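These numbers were taken from a predicted model, which means no experiment stands behind them.
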Protein chains: 2
Amino acid sequence: MSTEIVEKPISVLLVDDHPLFRRGVFAVLSADKRIRVVGEASNGKEGVASARKLDPDVILMDIQMPEMTGLEATVVLQKEMPRCKILMLTISEKDEDLFNAVKFGARGYLLKEVDPDEIIAAVLQVASGEVRLTTSMATKLLGEFKSRGEKKGGEQALSPREGEVLQYVARGHTNKEIAGTLFISENTVKVHLRNILDKLHMKNRAEAATYAAKMGLV
Amino acid sequence: MSTEIVEKPISVLLVDDHPLFRRGVFAVLSADKRIRVVGEASNGKEGVASARKLDPDVILMDIQMPEMTGLEATVVLQKEMPRCKILMLTISEKDEDLFNAVKFGARGYLLKEVDPDEIIAAVLQVASGEVRLTTSMATKLLGEFKSRGEKKGGEQALSPREGEVLQYVARGHTNKEIAGTLFISENTVKVHLRNILDKLHMKNRAEAATYAAKMGLV
DNA sequence: GTGACAATAACCCAAAAGGATTATTAGAGG
DNA sequence: CCTCTAATAATCCTTTTGGGTTATTGTCAC
């Protein structure tokens, strides 16, 4: 047995709806021997499927994507595969997105305008179990948690399906339309919506739509 | 083959504030022998300077950039170097950006989510003097110009009262509640809401609520 | 294998929202 | 003075939503 320890490269899955951007990230990450890009996906849904199949160490995830956003995908994957570290790589500088990403289990938050070097450092860092945030982000988060410190008792997370339904509601679709899109009965949509309203302590779909928009789900 | 006519490659300048994205585009374009990337810039100001120096055939330009946006740069360059074709490559699906880009002289409008192949085709097409738009964009442009002819400019602004009603809608208030708050009849609230939906081309209050949240009204 | 939970679905009923039309009044601006 | 518009309001009718209840299935964890 050799005394040299051969490290297995960190496997990375890219989830972003822009093929061109993916290619850029791919080029940057592939230039580093400690990292290996094992797959790509172009929306949250595909991302979840790929993650299940590939079981990557790190997922680089965009937030704003068609079909299923990065936030929703993060919710799903955190529950399913807690070993897998999710690093948000997004254009959004909105505080709301940052808070939600962290709340839903992301291990880091990078803006797309970062330097190539930075992204490599971030991948290595989250792979090793650390969290990657800029100091200004960390400050924002601390302030946020302090201000809602004791209140957090009742908050229940939405299930993936509920998140999906909520998206369509926010886009102005009726229950019947949503049922048609998701191939389920209108009754089921109504049940989902009722559960959503109960969990969010809200009164009707318009209020829930506002919530969804603010959370960046649409 | 010595009889083959050797075409000079199309020279391309990339202007985008995301190094990672630039790298992706560079990789894609460099893989095609008919195209040669001759320079990169990370904002509109740098882009204009580089364009003056390099005189590229085609400029791939982002819209949202620090210092000087792609739209501003397009205005400057169109006046100075009309031979140089500008192709917007942006994340923005906003009609307004599309309209402005075309108005300011862009020869094409691509969304960043396009396939690599598409971007090569678009560069070749605008280099040859054609215009590159999706059919849905062309339709939007036509509709815009037609409606400018007869009415004042497409979107009608909400009246103050309508804005007020929309806020309450986004907060999840019912028509009856809004009527009570504003000391008007429920019928009037319904009229306001109908006018809001008509003006925004929306279908129901949930969709309007999403719009309000995105606009920062709530 | 039991218990928890997500997703599915059905039924009923009341309340709310949506769509169309018509009309009155107060102000602003020509 | 006349016109245009925002804001007000009513009536009629249809569709959608919201609220409560019950039940079946599949999966995952313990």
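- Applying the side chain to side chain contact (heavy atoms under 4.5 Å, CB included) rule to A/Asp17 yields the partners A/Asp62, A/Met65, A/Pro66, B/Glu113; only residues at least two apart in sequence or on another chain are considered.
- Whole-Å rounding puts the A/His192 NE2 to C/dA6 P distance at 11 Å.
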Distances under 3.5 Å between protein N/O atoms and the N/O atoms of nucleotides 25-28 of chain D, please, pair by pair.
none

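- In this structure, A/Ser185 reaches the sugar-phosphate backbone alone: every heavy-atom distance under 4.0 Å involves primed, P, OP1 or OP2 atoms, never a base.
- With sequence neighbours excluded, the residues satisfying side chain to side chain contact (heavy atoms under 4.5 Å, CB included) with A/Ala170 are A/Ala209, A/Ala212, A/Val218, B/Thr210.
- Residue pairs meeting the ring-ring contact (aromatic ring centres under 6.0 Å, His included) criterion with at least one partner in residues 159-182 of chain A, sequence neighbours excluded, are A/Tyr168-A/His173.
- Rounding to the nearest 0.5 Å gives a distance of 5.0 Å between CD1 of B/Ile59 and CD1 of B/Ile86.
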Query raised in the report: Which letters describe nucleotides 19-24 of chain D, given B = protein heavy atom under 4.0 Å from base, S = only from sugar-phosphate, - = neither?
Result: B-----

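- Legend: salt bridge (charged side-chain N to carboxylate O under 4.0 Å, His left out) pairs involving residues 170-193 of chain A, not counting sequence neighbours, sorted by first then second residue: A/Glu177-B/Lys203.
- Among residues two or more places apart in sequence or in another chain, the side chain to side chain contact (heavy atoms under 4.5 Å, CB included) test is passed with A/Ser185 by A/Asn187, A/Thr188.
- Side chains of A/Arg205 and A/Asn175: a donor on one and an acceptor on the other come within 3.5 Å.
- Residue pairs meeting the salt bridge (charged side-chain N to carboxylate O under 4.0 Å, His left out) criterion with at least one member in residues 18-29 of chain A, sequence neighbours excluded, are A/Arg22-A/Glu40.
- Less than 4.0 Å separates DNA chain C from at least one heavy atom of each of the following residues of residues 171-184 of chain A: A/Ile184.
- Per the geometry, CG belonging to B/Asn195 stands 13 Å off P belonging to C/dG19, to the nearest Å.
- Listed nucleotides: D/dT11, D/dT17, D/dA7. Nearest to the side chain of B/Asn187: D/dT11.
- Scanning both residues, B/Asn195 and B/Glu162, for their nearest heavy atoms gives CB-OE2, 3.5 Å.
- Between A/Leu87 atom CG and A/Leu13 atom CG the span is 12.0 Å, to the nearest 0.5 Å.
- In this model, the phosphate group of D/dA9 is approached by a side-chain N or O of B/Thr188 to a distance below 4.0 Å at OP1 or OP2.
- An end-to-end axis angle of 60° holds for the helix from C/dG1-D/dC30 to C/dG30-D/dC1, taken from five base pairs per end and rounded to 10°.
- Distances shown here put every side-chain N or O of A/Arg205 at or beyond 4.0 Å from the OP1 or OP2 atom of D/dT16.
- Checking side-chain atoms of B/Asn43 against main-chain N and O of B/Lys45 turns up a donor-acceptor pair under 3.5 Å.
- Sorted by first then second residue, the ring-ring contact (aromatic ring centres under 6.0 Å, His included) pairs that include residues 12-39 of chain A, not counting sequence neighbours, number zero.
- When rounded to the nearest whole Å, the span between CD of A/Glu186 and C1' of D/dT16 equals 8 Å.
- Legend: residues meeting side chain to side chain contact (heavy atoms under 4.5 Å, CB included) with A/Arg36, ordered by chain and number and at least two apart, are A/Pro9, A/Val38.
- Protein atom CD of A/Glu162 is 11 Å distant from nucleotide atom C1' of C/dC5, rounded to whole Å.
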